[in-house]
Number of protein chains: 2
Amino acid sequence: MLRKLQGFSKLEEADAAALAIIEAGTRLVPAGTDLISEGDRPEGMIAITEGFACRYKLRANGARQITAYLIPGDICDFETSILNRIDHTIGTLSTCRVARIGPETGRELRQRPALARGLRTVALVDEATLREWMMNIGRRSAVERLAHLLCELLVRLRAVGLASGNSFDLPITQIDLADTTGMTSVHVNRSLGELKRAGLIERKGKRVTLCDLPRLVELAEFRSNYLNWEAQTAA
Amino acid sequence: MLRKLQGFSKLEEADAAALAIIEAGTRLVPAGTDLISEGDRPEGMIAITEGFACRYKLRANGARQITAYLIPGDICDFETSILNRIDHTIGTLSTCRVARIGPETGRELRQRPALARGLRTVALVDEATLREWMMNIGRRSAVERLAHLLCELLVRLRAVGLASGNSFDLPITQIDLADTTGMTSVHVNRSLGELKRAGLIERKGKRVTLCDLPRLVELAEFRSNYLNWEAQTAA
DNA sequence: CGGCTCCTTGACTTAAGTCAACGCACGTGG
DNA sequence: CCACGTGCGTTGACTTAAGTCAAGGAGCCG
């Protein structure tokens, strides 16, 4: 998994070995666990190899805004000691397999030029994704938002080999989707129903299928450019 | 101005000289000008020394989402050649004084350790701000959103000496505010009116005064931590 | 003095939120 | 192995925040 991620963002040599080590020290974490809390001192990195995690913030009234998904292959790097307090929390949405990378090994990884470059690319893509999500919440209707999110997930999961054709497992609740898209779980439910009725998606259990991807892409005005490593490798 | 920005994020020596040079090659740009367009090849940096600019994205139907403000002292650094296409546009909201920094000089600046560190800090703060805005749009009411935005602007403008007491010049339209907060200009107008009626803010022309900052902060649940260099210098 | 663009306001519509109930699946413990 | 609890999904009836449409006014510039 980790391999995949690094694989596309930059060419690797035997850095793969370094990553393999990481995968060794992996732990299984139940859903709803905070891996890092707001206000913590950032250190090292965290990598997800299975399941969905997220970055989120809370309001005093309990309202939650999810600002990013961490899916298998994703790494979040806390540029150690540049900022000394984290402004958000990272928690699991489903059961996850997580690798924690200490500050020392983190430094080692960043020493390898190819990996360092990969990590910076990841950071830039994450930021671009943040902007796209903002557009999503601010300027798209409920149905469009969900359509867009599903398209994004398909692309990202494909990149790590976790989608087969146009379908993938989405191990998170509609409440999570609501907190991602800035809506209510009730309205997420209805909007998903609308997409289903329109024949754009299908769901059985945790499995989602984007039956009519072209129409979905058009509806959401989805352009994958912001996620694009492709542009990278082409360069 | 530039000095200020760097001043807080990291201690400087004679890097100031390097920055001074930048300020020399500065141009005046009218409002509504795009400095960099989506799809461009990123190169060098752009610094704003006067006026308000922003990052934004457009939808096919013309809807605009502003994802960040660039105020005097802000620099945006396109990590040259890491990504090769920009996913958003940068344009001026008011008349601006802008410094364009070529790729070569950009590299030079990044060579100076203190400046490099400063730039990375800026990038991290920008990202944190992005997350806070997302929370703003996704999970706060119209009035709260505006209150939060105003608080943020006060803090940021203070940091560069552009606020006197609790008031500052806001040289942008209510349409811009709407595109920032994911609402309509009409509703921005009404919500601002509400803040004014509640005695929280005052406006005359472009000048905004946050009369009752404590209540405004409370209403918006504003915590400046995400902008905090203070934390940095303390470290 | 037009002719912009922006601000302001009112009347009305609509998308999304709220409240509430019920069913279903899952997991745990008796 | 079944009984029960709990969290999630689903649906309906109703409320509300925000959007839409539209028109007038204010400021600014050439």
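In what follows, every chain begins at residue 1, and chains take the letters A, B, ... in the order their sequences are listed.
Protein atom CZ of B/Arg203 is 12 Å distant from nucleotide atom C1' of C/dC6, rounded to whole Å. Between A/Lys206 atom NZ and C/dC26 atom P there is a gap of 10 Å when expressed in whole angstrom units.
Listed pair B/Gln174 / C/dT5 fails the phosphate criterion, with no side-chain N or O lying under 4.0 Å from OP1 or OP2.
The environment of CZ in A/Arg59 is crowded: more than 12 heavy-atom neighbours from other residues, nucleotides or ligands sit within 6.0 Å.
Donor-acceptor pairing under 3.5 Å is lacking for the side chains of B/Asp126 and B/Thr129. Between B/Arg207 and B/Ser164, the side chains place a donor N or O and an acceptor N or O closer than 3.5 Å (distance only, hydrogens not considered).
Residues of residues 175-183 of chain B that place a heavy atom closer than 4.0 Å to DNA chain D, in numerical order, are B/Gly182, B/Met183.
By the 4.0 Å N-to-carboxylate-O rule, A/Glu132 lies close enough to A/Arg140 to be salt-bridged with it.
Where DNA chain D meets chain B (any atom under 4.0 Å from a heavy atom), the bounding nucleotides read 5' to 3' are D/dA18 to D/dC21.
The aromatic rings of A/Phe222 and A/His148 lie perpendicular to each other, with more than 60° between the two planes, well past the 30° mark.
In terms of position on DNA chain D, the residue among B/Ala142 and A/Arg190 whose nearest nucleotide sits closer to the 5' end is A/Arg190.
Formation of a donor-acceptor pair under 3.5 Å by the B/Arg27 side chain with backbone atoms of B/Val98 is not found in this model.
Taking the side chain as every heavy atom from C-beta outward, B/Asp74 and B/Tyr69 never approach each other to under 4.5 Å.
If you check every strand for non-hydrogen atoms under 4.0 Å, A/Ser185 touches nothing.
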As a quick check of understanding, evaluate salt bridge (charged side-chain N to carboxylate O under 4.0 Å, His left out) for A/Lys57 and B/Glu221, giving each step before the final call. CA-CA 12 Å; A/Lys57 297 189 135 208; B/Glu221 286 181 11; over 6 Å; no

